[in-house]
Every structure is written in C-alpha cells, then in structure tokens.
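Since the model is a prediction, treat every value here as computed from it, not as a measurement.
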Amino acid sequence: MSAEKSLEKSPRHEIAHLGHVELFTPEPERSLDFFVRVLGLTENGSQGDSVFLRTWDDYEHHSLKLTAAKTSGVGRTALRASSEDALKRRVAAVEERGLGIGWVDGDPGIGPTYLFRDPDGHEIEIYWETERYQPPEHLRPALKNQAQAYPGRGVSVRRLDHVNYLAKDAAANGGFICDALGGRVTEQIQLDSGVISGQWTNFAQKSYDLVYTNDWTGSTGRLHHIAFATDTREDILRAADISLDNGVFIETGPHKHAIQQTFFLYVYEPGGNRIELCNPTARLIFAPDWEPVTWTEAERAKGQAWGLKTIASFHTHGTPPVADPAQ
C-alpha cells in the first residue's frame, strides 16, 4: 500500500475537536443562572426545553446545550469532523461497529449531523457544517481574532474543555474512540488486577478531550463531569471565591491533578451535575508517536499532585444518580 493510500485510511485527526455538550438538569432556572451569572456564559437562543449557551472564545453557535429534564446527566456530545469527507469516513467506521443511530437534524448553527452511541450508551454526534458565531454589537470584541468580547462576569470561562464519562468498561470505550474516531490515549490508570480503570483521549494537540472512568456502580451512560477552561491558574482561585460568595457547593480543590497536570476546582451546579473549572497550564502534546502514560494503583493512591488525598465523593458521585449497589 502506498503512503498516500495509507494516510487516506488513517482516522487520526479526522475529528477536529469537541464542539458542544448537552447537559440535563431538573433545576433549569437555577442551572441557567449558574452558567450565566456564576460561570459567565452567554445565552444564544433557545429551542423547546433547551437553552443554548456559549463561552466567550468558542467560535461556534454554542458550547453548552442546557436541557430541562426529570433528572441530571449528560445528553449528546457533539464532535466536529475535520472535513465533509472525514465525516463520511467516520460515519462508515461507526456503522461498521453497529453503533450508529442515523442522520438527525443538527442543533441551531450545526449542519447535517450523524448520531451514534459509544459502547456504554452515551450519545455522540458528529458534523462538519457549522455556523461561526457573529456577536451583536454589544458583544463585539476589540480584537478581530476573538470570537466574542470578554464578558467580565463571574468566572468568565474561555472554552469548553472536555467531557469525562462514567462507563462500565473504560478501556472498551476508549478503544472505540481511538479505533472508530481517530482519538489517542494520552494517559491511563491501570489497577494491580490489570484492569484499565480510566483513559484520557485526545483528537489533536490538546492533551485530552474525552475521558472514560469506570463506574463503581456498574451502570452505563452516566456522567462524571464536564469541564470549562480558564485563561490562568489564578482564575481557578478566583472561581473558588466566586463559588463561595454564590453558595455554590465546592466538592474539592483548588488543586493540581497528577494526571494531565490540570489545575482544578470541582463544583456541583444546581441540577446536581459536577462541573470542573480547569486550567491545563498550556500543556499540549506534539509528539506524533506519543505513547500512553500509565499510572499504577500505588501511584494513584498518593492522591493529587501535591499529595492531597482524593475526596471520596469524587469516586462515587455521578449523574444521573443511581442506588448504591451494596445496599
């Protein structure tokens, strides 16, 4: 096979980036206030039970689709393909694995969209055509290479950073992201039993986009957290003060992860979903032959980067809530 033909068949870089994510909330008004007033997102329309929100430097129509529901959890996660042909190839790869649902109407600002499920049942959609955000006059930035004016409201998160799913089998789902969508495992946790309990995958140079960690309940289709990135680590410290002043529950942090070295703060939004405010400290992966960094059970038992023990709820809280299997 020629090198040219081999490149055509490679799935690597056929997904450009994480586009947006849908979050379910049983407290739609309080959740909306949290994302707009506390985190600093901007409303950009609504449809049915959903409100579309955007961070100030994501270039597309929206970063978050907030949908009123009976319970919390994650809805569809949207990924943008790198071209129309790449979209067709990734659709074919998903269909070969029997996980496709089919073509659906995209959300506002999004063109033809293909919907499927990962092996754990989380809904994911991929698209190519997209509408670049055109800010109204009062949100027009001074710098033309910025999507929207800095809001100066609340935390003022810059972009949607990643989604961390809970799954019955992290490795099976991570493998699917790599094999069908062209992702790459950048870091992972391997227990003494040999089980891979968590995998961090990326699509481009950002160190991770989609994460899978094993669900201790054995359930499927649940969410651990979604994350928004800030400009600086100082913004994370400021976010803790803002959360305190606004009665937002702080689960853990500010601190630094050993895995991926992310500086973080975890809070719960009013609907019960865990939200990470993170600063990846400009950590990028350029090596085309990057090998996964594997963390052992003993290494993870040391806690976070500076030795802080990981809080127990970090391993047990997920959405939607489910009953403790031990009870």
Starting from [Y], can I reach [X] by hopping between I/L/V/M/F/W/Y residues whose side chains sit under 4.5 Å apart?
X: Trp200; Y: Ile124; result: no
X: Ile110; Y: Ile126; result: no
X: Val155; Y: Leu237; result: yes
X: Val51; Y: Trp56; result: no
X: Tyr127; Y: Leu181; result: no

Minimum side-chain heavy-atom gap [X]-[Y] below 4.5 Å:
X: Thr130; Y: Tyr59; value: yes
X: Cys178; Y: Val185; value: yes
X: Glu276; Y: Leu265; value: no
X: Thr71; Y: Pro321; value: yes
X: Ser82; Y: His13; value: no
X: Glu131; Y: Glu60; value: no
X: Leu66; Y: Ser50; value: no
X: Ser313; Y: Glu251; value: yes

Which atoms form the tightest heavy-atom contact between [X] and [Y], and what is the distance?
X: Val74; Y: Gly221; value: CG1-O, 4.4 Å
X: Glu269; Y: Ser31; value: OE1-OG, 2.5 Å
X: Gly318; Y: Leu166; value: CA-CD1, 3.8 Å
X: Pro119; Y: Asn173; value: CD-OD1, 3.2 Å
X: Pro270; Y: Arg30; value: CG-O, 3.5 Å
X: Ala227; Y: Cys278; value: CB-SG, 4.1 Å

Is the NZ or CZ atom of Arg54 both under 6.0 Å from the centre of the six-membered ring of Tyr133 and within 45° of that ring's axis?
yes
Is there a side chain to side chain donor-acceptor pair (under 3.5 Å) between Glu22 and Thr67 once you walk through the steps?
CA-CA 7 Å; Glu22 180 180 24; Thr67 299; 2.8 Å; yes
In Phe263, Trp306, Phe314, the residue satisfying ring-ring contact (aromatic ring centres under 6.0 Å, His included) with His255 is Trp306
Counting only heavy atoms not in [X], do more than 12 fall under 6.0 Å of its [atom1]?
X: Asp105; atom1: CG; value: no
X: Glu29; atom1: CD; value: no
X: Lys256; atom1: NZ; value: yes

Starting from the C-alpha separation in whole Å, work towards a yes-or-no answer on side chain to side chain donor-acceptor pair (under 3.5 Å) for Gln188 and Thr294.
CA-CA 5 Å; Gln188 61 185 1; Thr294 300; 3.0 Å; yes
Should Glu96 and Arg89 be marked as a salt bridge (charged side-chain N to carboxylate O under 4.0 Å, His left out) after you check the CA-CA gap, both sets of side-chain angles, and the distance that decides it?
CA-CA 11 Å; Glu96 285 176 5; Arg89 286 190 291 267; over 6 Å; no
[atom1]/[X] to [atom2]/[Y] distance, rounded to the nearest 0.5 angstrom?
X: Glu297; Y: Ile189; atom1: CD; atom2: CD1; result: 10.0 Å
X: Ile101; Y: Leu115; atom1: CD1; atom2: CG; result: 3.5 Å
X: Leu53; Y: Leu39; atom1: CG; atom2: CG; result: 9.5 Å
X: Ser197; Y: Arg300; atom1: OG; atom2: CZ; result: 9.0 Å
X: Asp58; Y: Arg132; atom1: CG; atom2: CZ; result: 12.0 Å
X: Leu79; Y: His20; atom1: CG; atom2: NE2; result: 9.5 Å

Residues that Arg140 engages under salt bridge (charged side-chain N to carboxylate O under 4.0 Å, His left out), provided they are two or more places apart:
Glu137
Salt bridge (charged side-chain N to carboxylate O under 4.0 Å, His left out) with Arg158: which residues, sequence neighbours excluded?
Asp57, Asp231
Distance-only side-chain donor-acceptor flag, [X] / [Y], under 3.5 Å:
X: Arg37; Y: Asn246; result: yes
X: Tyr212; Y: Thr201; result: no
X: Thr296; Y: Gln190; result: no
X: Gln304; Y: Thr310; result: yes
X: Asn279; Y: Thr232; result: no

Can Ile285 and Thr186 be said to form a side-chain contact (heavy atoms from CB on, under 4.5 Å), step by step?
CA-CA 9 Å; Ile285 294 178; Thr186 57; 3.5 Å; yes
Is there a side-chain contact (heavy atoms from CB on, under 4.5 Å) between Arg159 and His17? Walk through the geometry before answering.
CA-CA 12 Å; Arg159 69 168 188 270; His17 62 83; over 6 Å; no
For the residue pair [X] and [Y], does the interplanar ring angle fall in the parallel (under 30°), tilted (30 to 60°) or perpendicular (over 60°) class?
X: His257; Y: Phe264; answer: parallel
X: Phe249; Y: Tyr268; answer: tilted
X: Tyr165; Y: His122; answer: tilted

Is it the case that the side chain of [X] and the backbone of [Y] share a donor-acceptor pair, with hydrogens and angles ignored and the cut-off at 3.5 Å?
X: Arg117; Y: Leu99; value: no
X: Asp49; Y: Ala68; value: no
X: Asn44; Y: His61; value: yes

Just do the side-chain contact (heavy atoms from CB on, under 4.5 Å) check on Thr281 and Arg233 with the steps written out, would you?
CA-CA 7 Å; Thr281 60; Arg233 296 209 304 184; 3.7 Å; yes
Looking at the rings of Trp216 and His315, which for Trp means the six-membered one, are their centres under 6.0 Å apart?
no
Could you check, using the six-membered ring where one of them is a Trp, whether His162 and His225 have ring centers closer than 6.0 angstrom?
yes
Let's go through Tyr114 and Val104 carefully: what are the C-alpha distance in whole Å and the side-chain angles of both, what is the deciding distance for side-chain contact (heavy atoms from CB on, under 4.5 Å) to 0.1 Å, and is it a yes or a no?
CA-CA 6 Å; Tyr114 185 79; Val104 297; over 6 Å; no
Give the intermediate values and the outcome of side chain to side chain donor-acceptor pair (under 3.5 Å) for residues Thr262 and Tyr208.
CA-CA 11 Å; Thr262 309; Tyr208 58 114; 2.7 Å; yes
Carboxylate-amine/guanidinium proximity below 4.0 Å for Lys65 and Asp107:
yes
